[in-house]
Amino acid sequence: MVQLFLSLALLLTLSGCVQEVKPWEKETLSKETMEPSGGNALARKFEEHIYFSKEASKGGGGVAGGGCGCN
Amino acid sequence: MQLRLSLPAMALIMAANTQAEDYVTFQYLQYQENDNRVSVSAPSVMINKDFGTDFTLNASFVADAVSGASPTYYAADTVSSASATTVDSASGASAYSRGKNIAADRVKYGNVSFFEQRAAGSVMLTSRFANRDELIVSGDFSSEHDFESISGAAEYMHWLTPAKNQSLSLGVSFQSNEIVARCVDEVNCDASSGASQEKQATAVNAQISFMQNINRTSYIKAALFYIADDGYLTDPYLNVVRNNNGVTADVVGEKRPEKRRGYGGTVRYANALTDDLTLQVGYRYYQDDWEVRSHTADTDLFYDLTHSWRFNLGLRGYTQSAASFYNGTSNYFTDELYATSDYRMSDFHAVTYKADVRYAFTKAFSVNLGGNYYDQSTGLKAVSLLTGFRYNF
């Protein structure tokens with residue numbers, strides 16, 4: 001897993017498909033729909049909470065967040 | 001606020017991908033499972049406020065009202081109650097009925113009803129330094145009548161290049177949980193006696209992530225995470241059946257290890273295919289020393305039909321292997337140290353279908369309505385509806 005992660009980082013860094021984006025070219029990248037939450041952070045929180053309470057896996061969505069007695 | 005910023009200030013903010021905004025949003029969730037299992041009503045509110053260009057404060061609060069029933073084994077009061085699948089927890093004695101050396105035909109599997117209210121909140125402060133690196137500090141709490149949780153987290157994001165197209169983030173959190181457990185260690189297992197014990201559990205979560213802007217319309221983000229759970233990780237309400245010889249059996253509380261070490265990785269790719277169409281694809285791998293392994297894949301498609309209308313369709317697939325100490329039958333466990341019949345620890349897969357729409361009356365005010373349908377191979381099916389509004393100020 002760590003090797004995959006580092007390989008991906010290295011591949012992207014060295015890859016010709018990566019272009020330098022100037023600060024004034026980041027309008028599209030800053031759109032709400034480009035955010036992991038799609039612009040609705042509360043909706044994403046609800047989704048993650050439901051999955052956490054119905055499945056045995058967790059993690060990967062960031063370190064912040066509270067617990068619940070649902071699992 | 002952005003309209004009042006000078007061009008250099010705008011470029012400073014746009015150097016990062018996300019563009020902070022001042023807003024307040026209210027969302028109401030209604031969640032319902034099949035077979036009259038869990039039903040949830042959850043209003044929530046979130047506020048996001050910038051203080052200059054260097055600080056952003058985000059706070060949220062949610063109040064859940066959860067009712068319904070959880071399936072588990074229980075000791076029926078009499079053989080004649082075999083047809084009953086719902087046990088009334090409010091009446092006490094039969095709620096989590098357990099017993100040793102009971103007649104085997106008193107062992108039933110059904111829904112045990114419950115009602116729960118939960119209040120949870122979160123506060124997060126983002127600080128940006130002169131080089132635009134970010135430090136995010138957050139605190140969370142969650143409170144139920146039988147569960148209390150507080151947690152704190154810190155994450156540092158460092159830009160790897162002057163153009164700010166690569167970043168590396170390192171985050172860590174600590175969570176402390178207090179659980180009120182009834183009938184632990186099979187002592188005083190008559191729920192009507194009110195016997196309970198307070199148990200503790202902690203969770204440490206560490207994550208490192210790497211983000212790369214690929215071009216002006218796409219980026220990729222990958223992360224590795226590690227989670228260490230310690231303490232009371234058993235569900236105090238769930239039972240298992242032990243020593244079932246066909247004549248007699250023991251219905252006792254489940255028991256899980258007091259240590260769990262999980263790790264995994266995620267990758268997310270977002271691409272604005274056109275000015276109106278955005279695609280997101282994500283994947284997560286997870287495994288732990290309970291022998292749970294899972295794969296999660298999700299995709300979202302956002303379509304801005306006009307400046308006012310936005311549609312979102314999503315699909316999520318999930319599969320997991322069973323925990324090593326799981327068995328769902330009533331005649332498997334004998335004297336194993338750990339045992340659970342919780343279906344959530346079983347081998348299953350699930351699919352979620354998602355659709356929602358947002359309508360913006362003005363640039364400042366929008367409303368949203370959406371729904372999810374969750375279909376788990378264990379038989380669990382759930383529908384959630386979410387509606388709310390957002391006001392940018």
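What you are looking at is a predicted structure, and each value in this text was computed from that prediction instead of being measured. Excluded from the calculations below are hydrogen atoms, water molecules and symmetry mates; all remaining heavy atoms, backbone and side chain alike, are included. The chains referred to below are lettered A, B, ... by the order of the sequence lines, with proteins before strands, and numbering in each begins at 1.
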Is chain A contacted by the side chain of B/I150, its backbone, both, or neither, given a heavy-atom distance below 4.5 Å? neither
With heavy-atom distances below 4.5 Å as the criterion, would you say the side chains of B/I214 and A/Q19 are in contact? no
Please check if any side-chain donor atom of A/Y51 sits under 3.5 Å from a side-chain acceptor atom of B/T352, or the reverse. yes
With a 4.5 angstrom heavy-atom cut-off, could you sort out which part of B/N312 is near chain A: side chain, backbone, both or neither? neither
Please classify the contact between B/S70 and chain A as side chain, backbone, both or neither, with a heavy-atom cut-off of under 4.5 Å. neither
For B/Q320, which atoms come within 4.5 Å of any heavy atom of chain A: side chain, backbone, both, or neither? side chain
Should we count CZ of A/R44 as having more than 12 external heavy atoms under 6.0 Å? yes
Does A/K58 pair with B/D229 as a salt bridge, N-O distance under 4.0 Å? yes
Output the distance between atom CE (A/M34) and atom CG (B/N271), rounded to the nearest 0.5 Å. 6.5 Å
Locate the shortest heavy-atom distance separating A/G61 from B/Q207; write the atom from each residue and the value. N-OE1, 4.1 Å
Would you mind checking which part of B/R310 comes under 4.5 Å of any heavy atom in chain A, side chain (CB onward), backbone (N, CA, C, O), both or neither? side chain
Kindly say whether A/E35 contributes a backbone atom to a donor-acceptor pair with the side chain of B/Q280 at under 3.5 angstrom? yes
Heavy-atom contact with chain A under 4.5 Å, split by part of B/N368: side chain
Locate the shortest heavy-atom distance separating A/S57 from B/R284; write the atom from each residue and the value. CB-NH2, 3.4 Å
Using modelled atom types and a 3.5 Å cut-off, is there a donor and acceptor pairing between side-chain atoms of B/N165 and backbone atoms of A/V21? yes
Pair count under 4.5 Å, heavy atoms only, with chain A: among B/G370, B/S218, B/G121, B/S169, highest is B/S218
Shortest non-hydrogen contact between B/F302 and A/G38, atoms and distance: CZ-CA, 3.6 Å
Strictly below 4.0 Å, N to O, side chains only: are A/E47 and B/R316 in salt-bridge contact? no
Using side-chain heavy atoms (C-beta onward) and a distance below 4.5 Å, is A/P36 in contact with B/R268? yes
Checking B/T25, B/V62, B/L386 against A/L42 for side chain to side chain contact (heavy atoms under 4.5 Å, CB included), the one that qualifies is B/T25
If you compare all heavy atoms of B/S122 against all heavy atoms of A/K45, which two are closest, and at what distance to 0.1 Å? CB-NZ, 3.6 Å
Please classify the contact of B/E155 with chain A as side chain, backbone, both or neither, using a heavy-atom distance under 4.5 Å. side chain
Heavy-atom distances under 4.5 Å only: say whether B/Q376 touches chain A with side chain, backbone, both or neither. side chain
Tell me, for B/V172 versus chain A, whether the close heavy atoms (under 4.5 Å) come from the side chain, the backbone, both or neither. backbone
Just by modelled atom types, is the B/D275 backbone N or O under 3.5 Å from a matching donor or acceptor in the A/K31 side chain? yes
Can you find a heavy atom in the side chain of A/E27 that is under 4.5 Å from one in the side chain of B/R216? no
Look at B/A322, B/G152, B/S346, B/A270 and state which one has the largest set of heavy-atom pairs under 4.5 Å with chain A. B/A270
Portion of B/A154 that has a non-hydrogen atom of chain A nearer than 4.5 angstrom: backbone
Got more than 12 heavy atoms from elsewhere within 6.0 Å of CZ, B/R293? no
So OG of B/S44 and NE2 of A/H49: to nearest 0.5 Å the spacing works out to 11.5 Å
On a heavy-atom basis, the closest approach of B/A272 and A/T28 is CB-CG2, 3.3 Å
Contact part of B/V66 toward chain A, heavy-atom cut-off under 4.5 Å: side chain, backbone, both or neither? neither
As an exercise: rank B/M124, B/E116, B/K354, B/Q287 by heavy-atom pairs under 4.5 Å with chain A and give me the winner. B/K354
Taking the basic N atoms (NZ, or NE/NH1/NH2) and the acidic carboxylate oxygens, is any pair closer than 4.0 Å for B/R390 and A/E32? yes
Let me know if B/A206 has heavy atoms under 4.5 Å from chain A in its side chain, its backbone, both or neither. backbone
Checking heavy atoms, do the side chain of B/S60, its backbone, both or neither come under 4.5 Å from chain A? side chain
Any B/K164 side-chain heavy atom under 4.5 Å of A/K22 side chain: no
Find the one option among B/D64, B/T278, B/N372, B/N58 whose heavy-atom pairs under 4.5 Å with chain A are most numerous. B/T278
Between A/L29 and B/N213, is any pair of side-chain heavy atoms under 4.5 Å apart? yes
Interface moiety of B/F348 toward chain A, non-hydrogen atoms closer than 4.5 Å: side chain
So that I can tick it off, tell me whether B/E33 and A/K54 are bridged by a salt bridge, with the cut-off set at under 4.0 angstrom between side-chain N and carboxylate O. yes
